[in-house]
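Worksheet: the structure to be examined is printed underneath.
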Amino acid sequence: MRKILITGFEPFGGYVENSSWEAAKKVASFGVFNVDIATECLPVSFVRAPMTIREAIYRHTPDVVIMLGQSATADRIKLERVALNMMDSAMGDNDGAKPDEEPIDKDGATALLTSLPIKILRSAIEAKGINVKISNSAGLYVCNRTYYEGLRICRERGARAIFVHLPLYEGQKSPHRDKKTMPLGDMCRAIQTIIEEIK
């Protein structure tokens, strides 16, 4: 039986919920045939998120890690191809940290890429009628920091990983008006499709 770890984030930026964690919980509750799914809620923290993802991977020993994050500006699901060795934030994380173009690891690779078949995953999700695209930048916020750490640890342990940015879900309370949304069920079906397509 394959073991999958799905992570989402706690609320941040004035939101009382985070679409990534809501989707992670629902996918785990639905389940996928012949797959053991574990979940972990990550703090929106440049320091604590990478520590938490590392501990979760050691504890659950997954074959694949699917990291989810909320992107309030997205109008579709974004499959992230790359994590950059950089942190930058004017807004700050939930701990108040505001890194200014700081490297994640001074001796580390400039970028790390997912080894999962990202174009195949996109096509499979599109076939379900769900809006999706491949993204070549996960930003420089906590999502990117977590992705870099997740990819690095998975490479060390012979596992694979991908980061997926989700829009706000329909009905999600937002401190901003006119934000694009997507049905939470579509997000869950997309994540289930990723799990089913991973060989």
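FYI, the numbering just counts along the sequence from 1.
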* Test log, rule side-chain contact (heavy atoms from CB on, under 4.5 Å), inputs Ile77 and Asn131 -> CA-CA 6 Å; Ile77 289 167; Asn131 290 330; over 6 Å; no
* To do: Would you sort out whether Leu79 and Lys133 count as a side-chain contact (heavy atoms from CB on, under 4.5 Å), showing the intermediate values?
  => CA-CA 6 Å; Leu79 306 177; Lys133 72 175 184 179; over 6 Å; no
* Checking side-chain contact (heavy atoms from CB on, under 4.5 Å) for the pair Arg155/Leu112: CA distance, chi angles, key distance, verdict? -> CA-CA 10 Å; Arg155 287 188 176 191; Leu112 297 175; 3.6 Å; yes
* To do: Dump the intermediate steps for side-chain contact (heavy atoms from CB on, under 4.5 Å) on Ile194 and Ile66, then the final yes or no.
  => CA-CA 9 Å; Ile194 292 172; Ile66 301 174; 3.9 Å; yes
* **Working for side chain to side chain donor-acceptor pair (under 3.5 Å), residues Lys179 and Ser174** => CA-CA 8 Å; Lys179 289 292 185 180; Ser174 170; over 6 Å; no
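Here the CE atom belonging to Met187 is positioned 5.0 Å from the OG atom belonging to Ser19, to the nearest 0.5 angstrom. Summarising the geometry, atom CG belonging to Leu68 is positioned 11.5 Å from atom CD belonging to Glu80; distances are rounded to the nearest 0.5 Å. A distance of 10.0 Å separates OG1 of Thr39 from CG of Leu42, quoted to the nearest 0.5 Å. In this structure, CD1 on Ile162 lies 9.0 Å from CE on Met67, to the nearest 0.5 angstrom. Atom NZ of Lys173 and atom OH of Tyr15 lie 14.0 Å apart (nearest 0.5 Å). Here CD1 of Ile118 is found 5.0 Å from CD1 of Ile134. Values are rounded to the nearest 0.5 Å.
With a 6.0 Å radius and a threshold of 12 heavy atoms from other residues, nucleotides or ligands, Lys26 has its NZ atom at or below the threshold. Counting heavy-atom neighbours within 6.0 Å of Tyr58 OH, excluding the residue itself, gives a total above 12. Heavy atoms of other residues, nucleotides or ligands lying less than 6.0 angstrom from CD1 of Ile120 number 12 at most.
The nearest pair of heavy atoms linking Ser137 to Val82 is N-CG1, 4.4 Å. Of all non-hydrogen atoms in Val16 and Pro11, the two that sit nearest each other are O-CG, 3.4 Å. Among all heavy-atom pairs drawn from Ser71 and His165, the shortest one is CB-CD2, 3.9 Å. Of all heavy-atom pairs spanning Gly69 and Cys143, the tightest one is CA-SG, 4.1 Å. Closest heavy-atom contact between Ala23 and Cys188: O-SG, 4.0 Å. Between Gly108 and Tyr148, the closest heavy-atom pair is C-OH, 3.6 Å.
Side-chain atoms of Lys98 and Ser89 include no donor-acceptor pair closer than 3.5 Å. Of the N and O atoms on the side chains of Glu170 and Thr181, not one donor lies less than 3.5 Å from an acceptor on the other residue. Under the 3.5 Å distance criterion, with hydrogens and angles disregarded, a donor-acceptor pair is assigned to the side chains of Thr61 and Lys3. With hydrogens and angles left out, the side-chain atoms of Asn18 and Glu10 include no donor and acceptor closer than 3.5 Å. For the 3.5 Å distance criterion, the side chains of Glu22 and Gln70 fail to qualify, holding no donor opposite an acceptor.
The backbone N or O of Ala109 lies less than 3.5 Å from a partner atom in the side chain of Asn85, making a donor-acceptor pair. Within the 3.5 Å criterion, the main-chain N or O of Thr52 finds no donor-acceptor partner in the side chain of Glu55. The closest donor-acceptor contact from the side chain of Arg76 to the backbone of Leu166 lies at 3.5 Å or more, if one exists at all. In this structure a side-chain-to-backbone donor-acceptor pair under 3.5 Å is present from Ser20 to Phe9. In this structure, Asn144 contributes its side chain and Ala138 its backbone to no donor-acceptor pair below 3.5 Å.
Side-chain contact between Ile153 and Arg157 is present, with at least one heavy-atom pair separated by less than 4.5 Å. Contact of the Lys119 side chain with the Arg81 side chain is registered, since non-hydrogen atoms from C-beta on lie closer than 4.5 Å. A 4.5 Å side-chain heavy-atom check between Asp186 and Pro183 finds at least one atom pair inside the cut-off. Taking 4.5 Å as the limit, every side-chain heavy atom of Thr110 sits out of range of all side-chain heavy atoms of Met86. Using a 4.5 Å cut-off on side-chain heavy atoms (C-beta onward), Asp93 and Ser45 make contact. Looking only at side-chain heavy atoms (C-beta outward), Val32 and Glu196 come within less than 4.5 Å of each other. Contact annotation: the side chain of Arg152 approaches that of Asp105 to within less than 4.5 Å [non-hydrogen atoms, C-beta and beyond]. Using a 4.5 Å heavy-atom threshold, the side chains of Lys78 and Val164 count as separate.
Taking a cutoff of 4.0 Å between a charged side-chain nitrogen and a carboxylate oxygen, Arg48 and Asp95 qualify as a salt bridge. Taking the charged nitrogens against the carboxylate oxygens, Arg145 and Glu149 do have a contact shorter than 4.0 Å, which makes a salt bridge.
Tracing side-chain contacts under 4.5 Å through hydrophobic residues (I, L, V, M, F, W, Y), one reaches Ile4 starting from Ile57; they form part of the same cluster. Leu140 is not connected to Ile104 by any chain of hydrophobic side-chain contacts under 4.5 Å among Ile, Leu, Val, Met, Phe, Trp and Tyr, and they are in different clusters. Under the 4.5 Å side-chain heavy-atom criterion for Ile, Leu, Val, Met, Phe, Trp and Tyr, Val132 and Leu168 are members of distinct hydrophobic clusters. The same ILVMFWY cluster, assembled from side-chain heavy atoms under 4.5 Å apart, contains both Ile6 and Val64. Residues Met91 and Val44 are members of one and the same hydrophobic cluster, defined by side-chain heavy-atom contacts under 4.5 angstrom among Ile, Leu, Val, Met, Phe, Trp and Tyr.
In this structure, Tyr141 and Phe12 have tilted ring planes: the angle between them lies in the 30° to 60° band.
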